[in-house]
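Here is the structure we will look at.
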Amino acid sequence: QVQLVESGGGLVQAGGSLRLSCAASGRTFSRYNVGWFRQAPGKEREFVAAISWNGGITYNEDSVKGRFAISRDNAKNTVYLQMDSLKPEDTAVYYCAADPRLIGTMNSGSYTSWGQGTHVTVSS
């Protein structure tokens, strides 16, 4: 497993941008698939985006299409989530997760390592 630490959350007005970072420990992080999930108060955890070890990308098209972009810098052991055109409904705790297997990237149960989460609040 790897240890993950998210950062970059905060308070932003609707229409603004934030970039979340997921920093990982471990020399083999480049072989891990990484996903971003979010959980709003009173709601279930929701898949946001994922990037595989070889660069394949999946988005939750219904909720973040065209607004969010996931990327990774393996030299820095970091995965990013660029969030633009933020909406109040994007308010949630955002978590990154990682796993070395490529099984069900949108399924939170597929990931074995999780960060502690970073809060994102979008005001209207």
Side-chain angles (χ1 to χ4, degrees):
Q1 292 188 350
V2 294
Q3 282 71 53
L4 306 174
V5 178
E6 302 96 334
S7 62
L11 173 64
V12 64
Q13 289 187 334
S17 298
L18 285 173
R19 189 177 78 158
L20 305 184
S21 298
C22 174
S25 63
R27 295 177 296 173
T28 61
F29 183 66
S30 62
R31 302 295 293 181
Y32 275 68
N33 310 294
V34 178
W36 283 98
F37 293 80
R38 66 186 182 185
Q39 189 165 17
K43 295 187 177 181
E44 294 185 352
R45 190 166 295 187
E46 175 188 40
F47 169 76
V48 175
I51 186 166
S52 67
W53 67 271
N54 60 351
I57 291 175
T58 306
Y59 293 106
N60 182 334
E61 296 286 349
D62 291 339
S63 58
V64 305
K65 180 179 180 180
R67 301 188 298 121
F68 290 11
I70 189 171
S71 61
R72 67 190 302 160
D73 184 339
N74 288 332
K76 295 183 178 180
N77 271 12
T78 302
V79 170
Y80 303 99
L81 185 68
Q82 177 67 40
M83 306 188 297
D84 298 321
S85 302
L86 283 162
K87 304 175 182 180
E89 51 263 44
D90 294 319
T91 295
V93 179
Y94 283 71
Y95 301 89
C96 68
D99 195 89
R101 302 163 297 174
L102 187 60
I103 304 173
T105 56
M106 295 185 286
N107 183 357
S108 61
S110 298
Y111 296 87
T112 52
S113 299
W114 288 83
Q116 82 290 348
T118 186
H119 290 258
V120 171
T121 303
V122 184
S123 62
S124 57

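Counting heavy atoms from C-beta outward, M106 and T58 have side chains that approach closer than 4.5 Å. Using a 4.5 Å heavy-atom threshold, the side chains of V2 and N77 count as separate. Looking at V48 and N60, their side chains never come closer than 4.5 Å, going by heavy atoms from C-beta outward.
Screening residues 78-104 for salt bridge (charged side-chain N to carboxylate O under 4.0 Å, His left out) gives R38-D90, R67-D90, D99-R101 as the qualifying pairs, with residues at least two apart or on separate chains.
W53 and V34 are assigned to two separate hydrophobic clusters, defined by single-linkage of ILVMFWY side chains at heavy-atom distances under 4.5 Å. Under a hydrophobic-cluster definition in which Ile, Leu, Val, Met, Phe, Trp and Tyr are linked whenever side-chain heavy atoms come within less than 4.5 Å, directly or via other members, L81 and L18 are assigned to the same cluster.
With hydrogens and angles disregarded, no donor-acceptor distance shorter than 3.5 Å links the side chain of R72 to the backbone of N33. No donor-acceptor distance shorter than 3.5 angstrom exists from the side chain of Q82 to the backbone of R19, with no hydrogens or angles considered.
Here E44 pairs with nothing under the side-chain contact (heavy atoms from CB on, under 4.5 Å) rule; sequence neighbours left out. For the ring pair (Phe, Tyr, Trp, His ring centres under 6.0 Å) test, residues two or more places apart in sequence or in another chain that qualify with F37 are F47, Y111, W114.
Heavy atoms of other residues, nucleotides or ligands lying less than 6.0 angstrom from CD of Q13 number 12 at most.
In this structure, OH in Y95 is found 5.5 Å from CD in Q39, a value given to the nearest 0.5 Å.
Side-chain polar atoms of Q3 and S25 form a donor-acceptor pair below 3.5 angstrom.
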